[in-house]
Number of protein chains: 2
Amino acid sequence: MEEKQRMNGDLRRRILDTTRHLLVSEGYNSLSMRKIARAIGYSATSIYLHFESKDALVHALIEEGMAQKYETLRSIAEAHREDVIARLKALCRGYIDFGIDNPEYYEIMYMLHPEQMARFPAEKYRRARRNLEVIVDTLREGAEGKLLYVEDPLVAASAIWAALHGAVSLLFSRRMDVRVDREAFIDTVISQTLRSYIVAPEGADAGVSTV
Amino acid sequence: MEEKQRMNGDLRRRILDTTRHLLVSEGYNSLSMRKIARAIGYSATSIYLHFESKDALVHALIEEGMAQKYETLRSIAEAHREDVIARLKALCRGYIDFGIDNPEYYEIMYMLHPEQMARFPAEKYRRARRNLEVIVDTLREGAEGKLLYVEDPLVAASAIWAALHGAVSLLFSRRMDVRVDREAFIDTVISQTLRSYIVAPEGADAGVSTV
DNA sequence: TTGCTTACTTAACGCTGTTAAGTCTGGAGT
DNA sequence: ACTCCAGACTTAACAGCGTTAAGTAAGCAA
């Protein structure tokens with residue numbers, strides 16, 4: 001019984017890892033059960049002993065990606081415990097870097113088509129919302145300390161999230177104008193996104209209008 | 001000869017229109033050549049008489065979407081000829097509304113997977129960049145009139161573009177927190193995005209820091 | 001030795017994009 | 001009027017897809 005579970009667990013892990021590697025090397029589009037099976041040296045139907053369907057396999061991988069992202073964001077927040085604004089900037093940077101560093105995760109976590117996204121169980125998705133809450137909490141803390149001007153932290157966090165996702169998505173699409181420097185683009189996105197929330201220090205030179 | 005071309009043209013149009021309808025009703029994922037064929041009452045291989053491949057068919061549709069979007073943005077710009085800031089806001093709103101109003105176009109134009117995007121011919125994509133240029137031109141005009149503060153119009157336009165895409169993408173994904181009001185979210189994205197570029201009028205109350 | 005459980009495979013179904021080959025129709029040329 | 005050809009379209013097929021049902025081989029308990 002324990003032997004079985006260990007072996008089951010092993011194969012399950014191998015399937016997940018191999019799938020991830022295939023996503024890196026060939027992308028989601030050309031991912032197939034038979035390819036995964038070939039790569040691990042089993043028949044395609046063996047995968048169904050560990051995952052209900054291809055969707056379920058991808059969903060398991062999405063969950064792992066969400067968890068890894070949460071760890072990343074949480075440790076960034078930890079590292080900037082004392083400075084809310086630095087924390088916020090670092091979290092934005094962390095969001096974008098996560099996408100750049102883990103394109104295979106990012107693709108399945110955020111770049112599936114709407115119909116595919118809808119198949120990701122809502123209950124599993126709720127857990128993934130912790131990631132947004134790291135931003136929400138930071139905004140709230142900044143607002144309480146009068147360092148940030150935030151009307152509705154949840155709406156603001158969603159808007160920041162959207163802007164960051166758009167940036168990663170554009171970077172992935174290879175459709176950006178070649179004259180645009182990657183780093184300048186990323187910096188611009190972050191500063192453009194955050195500037196409107198940061199309360200000006202005394203004697204700031206540029207003003208802001210209510211749009 | 002002319003008869004032939006007319007008929008060819010007719011069927012080509014019918015294929016494009018039918019494909020668009022199928023995208024609306026069933027989404028890109030379940031689009032298939034055989035379904036399109038069934039819907040127009042021809043065999044699947046007939047489509048290949050007018051399009052080299054499924055990709056080519058989708059690319060033709062993408063081009064039509066890009067053209068339609070350009071017309072939309074251009075007429076918005078025209079309508080706000082005299083007021084740069086109002087024009088910019090309206091263009092942002094127009095971008096998002098285009099996505100909401102034409103999800104089938106938006107899905108194939110901006111939500112394909114990176115590998116699929118890469119197959120869209122670069123030469124055809126160059127024409128689609130006109131859309132970004134509407135924003136670039138507006139930013140440049142605003143900067144010249146000292147109404148906007150823009151370091152690099154192309155980078156800034158790309159960053160704005162990214163934020164708007166992120167917003168549409170998040171709206172489509174059905175993953176937004178139910179407590180977030182749709183309209184409040186859209187307004188927040190636009191104001192968050194533009195506020196950092198708008199030069200404050202005299203006596204503005206809130207300042208801005210250099211992020 | 002029998003029989004059961006577990007881990008796995010093979011064969012098959014209906015679907016996919018795509019190619020090659022075939023059919024049918026209408027009109028031009030003689 | 002008959003032949004021939006071009007054009008528009010279809011059928012059949014291939015390899016691959018996700019998935020299911022049925023089968024097999026090994027190990028272990030009785």
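Chain naming here is simple, since letters A, B, ... match the order of the sequence lines and numbering starts at 1 in each.
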Q: Enumerate the residue pairs fulfilling salt bridge (Lys or Arg N to Asp or Glu O under 4.0 Å) with a member in residues 105-121 of chain A, sequence neighbours excluded, ordered by first and then second residue.
A: A/D55-A/R119
**Q.** Sequence-distant partners of B/F120, ring pair (Phe, Tyr, Trp, His ring centres under 6.0 Å), two or more places apart
**A.** B/H59
Q.
Just the rounded figure in Å: distance from P of C/dT6 to CG of A/L11.
A. 17 Å
Q.
Can you list everything that forms a side chain to side chain donor-acceptor pair (under 3.5 Å) with B/R175? Sequence neighbours excluded, please.
A. none
**Q.** Nearest-0.5 Å distance that lies between atom CZ in B/R195 and atom OG1 in B/T188
**A.** 8.5 Å
Q) Salt-bridged, B/R126 to B/E123, with N to O below 4.0 Å? A) no
Q. Rounded to whole angstroms, how far apart are CG on B/L49 and P on C/dT23?
A. 17 Å
**Q.** All side chain to side chain donor-acceptor pair (under 3.5 Å) counterparts of A/Y110, not counting sequence neighbours
**A.** A/K69
Q: In whole angstrom, give the distance that lies between atom CD1 of B/I15 and atom P of D/dA8.
A: 12 Å
Q.
Rounding to an integer number of Å, can you tell me how far A/I40 CD1 sits from C/dT9 C1'?
A. 13 Å
Q: Please name all residues satisfying side chain to side chain donor-acceptor pair (under 3.5 Å) with A/R74, sequence neighbours left out, ordered by chain then number.
A: A/E71
Side-chain donor-acceptor pairs of residues 152-170 of chain A under 3.5 Å, sequence neighbours excluded:
{"unit_1": "A/D152", "atom_1": "OD1", "unit_2": "A/L154", "atom_2": "N", "d": "3.0"}
{"unit_1": "A/D152", "atom_1": "OD1", "unit_2": "A/V155", "atom_2": "N", "d": "3.4"}
{"unit_1": "A/S158", "atom_1": "OG", "unit_2": "A/L154", "atom_2": "O", "d": "2.8"}
{"unit_1": "A/H165", "atom_1": "ND1", "unit_2": "A/Y106", "atom_2": "OH", "d": "2.7"}
{"unit_1": "A/H165", "atom_1": "NE2", "unit_2": "B/S169", "atom_2": "OG", "d": "3.0"}
{"unit_1": "A/S169", "atom_1": "OG", "unit_2": "B/H165", "atom_2": "NE2", "d": "3.0"}

Q: Would you mind reading off the distance between A/D10 atom CG and C/dC8 atom C1', rounded to a whole angstrom?
A: 16 Å
Q: Using whole Å, report how far CD1 of B/I47 lies from P of D/dA8.
A: 16 Å
Q) Expressed in angstrom and rounded to an integer, what is the separation of B/R12 atom CZ from D/dG7 atom P? A) 19 Å
(Q) Strictly under 4.0 angstrom, non-hydrogen atoms only: write out the protein contact profile of nucleotides 13-24 of chain D, one letter per nucleotide from the 5' end, B, S or -. (A) B---BBBBB---
Q. Should A/S46 be listed as having a side-chain N or O under 4.0 Å from OP1 or OP2 of C/dT9?
A. yes
Q) For B/Y28, which residues count as a ring pair (Phe, Tyr, Trp, His ring centres under 6.0 Å) partner, sequence neighbours excluded? A) A/H113
Q. Between the two ends of the helix from C/dT1-D/dA30 to C/dT30-D/dA1, what is the bend in degrees, rounded to 10 degrees, where each end axis spans five pairs?
A. 40°
